[in-house]
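Heads up, the thing below is written out as structure tokens.
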Amino acid sequence: MGRGTLRIYLGAAPGVGKTYAMLAEGHRRTERGTDCVVAFVEHHGRPRTEVLLHGLEQVPRRRLEYRGAVFEEMDVDAVLRRAPAVALVDELAHTNVPGSRNAKRWQDVEELLAAGVDVVSTVNIQHLESLGDVVESITGVRQRETVPDEVVRRAGQIELVDMSPQALRRRMAHGNIYAPDKVDAALSNYFRPGNLTALRELALLWVADRVDEYLNAYRSEHRVSAIWGSRERIVVGLTGGPEGRTLIRRAARLAEKGAGGEVMAVYIARSDGLTSASPKELAVQRTLVEDLGGTFHHVVGDDIPAALLDFARGVNATQIVLGSSRRKAWQYVFGPGVGATVARDSGPDLDVHIVTHEEVAKGRGLPVARGGRLGRARILWGWAVGLAGPVVLALGLNTAGLGLANDMLLFLAVTVAAALLGGLLPALASAAFGSLLLNYFYTPPLHRLTVADPKNIVAIAIFFGVGMSVASVVDLAARRTDQAARLRAESEILSFLAGNVLRGETRLEELLERVRETFAMESAALLERAGDMAPWTCAGRAGFGPPLERPEDADVDMPVGDHMALALTGRVLPAADRRVLAAFAAQAAVVLERRRLQEEADQARTLAEGNRIRTALLAAVSHDLRTPLAGIKAAVSSLRSDDVAWSEEDQAELLQGIEEGADRLDHLVGNLLDMSRLQTGTVTPLIREIDVDEVVPMALGGVPEDSVGLDVPETLPMVAVDPGLLERSVANLVENAVKYSPPGRRVLVAASAIADRVEVRVVDRGPGVPDEAKERIFEPFQRYGDAPRGAGVGLGLAVARGFAEAMGGTLTAEDTPGGGLTMVLSLCAAATRAEPLPAGEFPTEPERHTI
């Protein structure tokens, strides 16, 4: 059975109608006779969505108990046993309750797809992993439930469920999305018009990018070379000259005028070496185009206009931006220049902009389009001079009568001119043709192809030999120039490759994409295998349709060692290009090996951290936990002893010791459990709005009376926190401060509002902590200075910071003016924390866009 297909309904925000659309699709498939079941759909009390559940078979859910409450999750095993053709699974980014089969629902979906079940699911744009930072900057909320982008990208179909912000807010106000008591808070926080507009734009652009990927894949598969102007994509031709910055900025302004415009700067290195680009200037221009949101590309091409047009058509560009030529007026005798050639050959679908700049006509610009070592135009001129020159000269000499010696020198001059212009073959033709004309018109007997005087034979032979020698020298010089130029072009490519490594661009996919662009290939893939008889596997790829089974299936196969090869498709490369390709292949192997070493290093670091924690935990158990247990054991044994008659005061003291030991043991075990929860990522805060003065006093129950002073104004704004986690954090901070404060000096707990934050400060007058140790004291099992072994296992501050960060806050240490240490717990004010309400969809048919 093959793998199932995934269809996703994507929305910009809760309430746009994803669940409704998914259920409606389920009814349509059921009516067509498809075996469709509801694996998991939550209607959130919305009657219209609930109505759509009727008539669809629902697989029973799995019930799990967690923290004293019962939760329902999708029963993956039940769905697999049922084996439907299509399963409806809501909220793809949902985090499952601990104890479930998988940590995330998208992992459950992957199991269904692997079993051949088609899945229809829903997800909001803010839950895509790559957009977490962007969504947080828009809404102020860090999404904790995410789904990897690749999971959504692999979907066979993505359908955008769209709705305007105004319509969504009206539905919210009518109570069709959330309960009435939550509407006002939602409208004033997460569902503000600006937030919804930005999220909607984000969803539209993300889907547009996926459409662009599908379009490029279709064009590649069907060999479509014509430009389809589906979006503005502007290519900037760079020469490495100072005018490049002007061109890039001009292209960026053009891109801003069109929705979704994209700028792609390209530098084409010629193998004839006629361009002299400044590496420093190219690096500056690369940085500029990337800062403006564009991309930089480096391509090798013998014919700059053709290579530029091929690149533009390959990326489906709509416009090309070039600078006015820097050549002087007299240089145009060699040809119209790259700008005019590109404009002439661009066709009706590709606009060409010629931009003026300060460097116009100040020096050599882009070279003339030429073919061969000497250039096509130059060779044509050589043939013209070599064939037509002797004829014109013979017609002139028939009336001049200068003598055979002068005639031969003039014919030799024509041959040398043909050699200088066109190289070896035009010079040979000119020498042979000129020799025939000399023999026929100027050596006795005239008008006959015979030579009477042997001296004239020697003269004609010398004439022919000189012509051949000059032509050979010109051809050899052209060949050496071509070789030197190609080596320089190769050095530019290798320098560019080394620059990428120095800049840290070491992702294998990026390197393979550079290979594909540089050699104008359709795809590139790095294949490897474990042994000579083992199957090939793909370690990385770029482009469309790369060979994945054997390197021999590719157009170009570059071995890297015994069990690795770089495979490219698109065209057969000349042998001269394989040297540069070998450097790319070696670098790809190094990047792959570096990536694997980094992964191994990360695993080793994780294991080392785990070993360190386990060692510290054993030390804590061996002493810090055993000490209170020993005290409790001794007190209990004393009380049970029949040999001693204890007074009431002694019994009370022993019982007090038992109680203090039990409290201490409970505190140590609690911190150990909290640290283990933080290490495993199972802390799930239940955020709600609460006043600080309601929580802080409750955190002071475990410290001696009159050891803490409070300064928490009632006028502070409410904070969005988990009250239980906040109480534990403050309790640990206060206990730590009291422990290190000198006798008679009270610890101060103060709170204040700063901008959109509320800060709780725990101030002590103890010995303080130097700056270099302020971060280290927050690590697990750390105790500063000469703290006695009985002072705890060193988890209090680590747990406090972990809980603070889980609630979206921060915990830092500062020096107390006059001596001591101040712990600063910064929390989000409730007015600025727009935590999204439970995901849901409005149950009416929305406008949809399908890809």
Side-chain angles (χ1 to χ4, degrees), residues 5-22 24-25 88-93 106 109 113 118-139 143 145-168 191 193-221 228-233 255-256 258-264 293 295 315-316 318 544 836 839-842 844-851:
T5 59
L6 176 63
R7 177 173 181 172
I8 291 179
Y9 288 94
L10 176 70
V16 296
K18 302 183 301 299
T19 304
Y20 189 99
M22 180 182 66
E25 176 65 19
L88 306 183
V89 182
D90 204 8
E91 299 175 10
L92 187 63
W106 64 263
V109 169
L113 295 173
D118 293 343
V119 176
V120 182
S121 188
T122 65
V123 71
N124 282 328
I125 191 68
Q126 67 263 29
H127 294 300
L128 293 180
E129 197 169 77
S130 65
L131 301 179
D133 295 337
V134 180
V135 173
E136 183 179 11
S137 66
I138 294 172
T139 64
Q143 297 294 331
E145 291 190 333
T146 59
V147 58
D149 288 43
E150 186 60 26
V151 174
V152 182
R153 290 174 187 269
R154 290 200 302 264
Q157 186 173 355
I158 303 174
E159 185 167 334
L160 177 64
V161 184
D162 190 27
M163 181 180 295
S164 68
Q166 294 78 11
L168 183 57
F191 286 83
N195 286 3
L196 296 177
T197 302
L199 290 173
R200 187 188 189 200
E201 180 183 22
L202 200 61
L204 291 170
L205 290 176
W206 194 89
V207 173
D209 287 339
R210 303 294 76 72
V211 174
D212 198 51
E213 290 180 2
Y214 298 151
L215 178 61
N216 289 336
Y218 178 86
R219 286 167 51 85
S220 177
E221 292 173 1
W228 292 354
S230 54
R231 65 184 296 185
E232 290 297 331
R233 185 174 283 109
E256 291 174 356
E262 181 181 356
V263 176
M264 308 176 74
T295 56
V315 299
N316 202 30
T318 57
F544 302 102
E841 296 72 32
F842 183 74
T844 54
E845 279 292 314
E847 175 189 359
R848 303 191 210 126
H849 307 282
T850 303
I851 63 175

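In this text, all values refer to a predicted model and were calculated from it rather than measured experimentally.
At least one side-chain heavy atom of Arg7 sits under 4.5 Å from a side-chain heavy atom of Glu25. Side chains of Gln126 and Pro14 form a contact here, defined as non-hydrogen atoms less than 4.5 Å apart. The side-chain heavy atoms of Val123 and Trp106, taken from C-beta on, include no pair separated by under 4.5 Å. Put simply, the side chain of Leu199 reaches to within 4.5 Å of the side chain of Val135, judged on heavy atoms.
Of all the heavy atoms in Ala255 and Glu262, the pair that sits closest is CB-N, 4.2 Å. Here the shortest heavy-atom pairing between Val152 and Ile158 reads O-CD1, 3.6 Å. The shortest heavy-atom contact between Leu168 and Ala13 is CD2-CB, 4.1 Å. In this structure, Met163 and Arg200 approach most closely via the heavy-atom pair O-NE, 3.7 Å. Across every non-hydrogen atom of Leu10 and Asn124, the tightest pair is CD1-C, 4.0 Å. Heavy-atom minimum distance, Leu6 versus Val151: CD2-O, 3.8 Å.
With sequence neighbours excluded, the residues forming a side chain to side chain donor-acceptor pair (under 3.5 Å) with Ser130 are Asp149, listed by chain and number. Here Thr5 pairs with Asp118 under the side chain to side chain donor-acceptor pair (under 3.5 Å) rule; sequence neighbours left out.
A salt bridge is absent between Lys18 and Glu159: the closest approach of a Lys/Arg side-chain nitrogen to an acidic carboxylate oxygen does not fall below 4.0 angstrom.
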Side chain to side chain contact (heavy atoms under 4.5 Å, CB included) between Leu202 and Leu131: does it pass, once the steps are laid out?
-> CA-CA 9 Å; Leu202 200 61; Leu131 301 179; 4.0 Å; yes
Apply the test side chain to side chain contact (heavy atoms under 4.5 Å, CB included) to residues Leu128 and Thr146: give CA-CA distance (whole Å), side-chain angles for both, the deciding distance (0.1 Å), then the verdict.
-> CA-CA 6 Å; Leu128 293 180; Thr146 59; over 6 Å; no
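Separation of atoms CD1 (Ile125) and CH2 (Trp206) is listed at 6.0 Å; rounding is to 0.5 Å. In this structure, the separation between CD on Glu129 and CD on Glu150 is 11.5 Å, given to the nearest 0.5 Å.
Tested against Met22, the residues Thr122, Val89, Val161 include a single side chain to side chain contact (heavy atoms under 4.5 Å, CB included) partner, Thr122.
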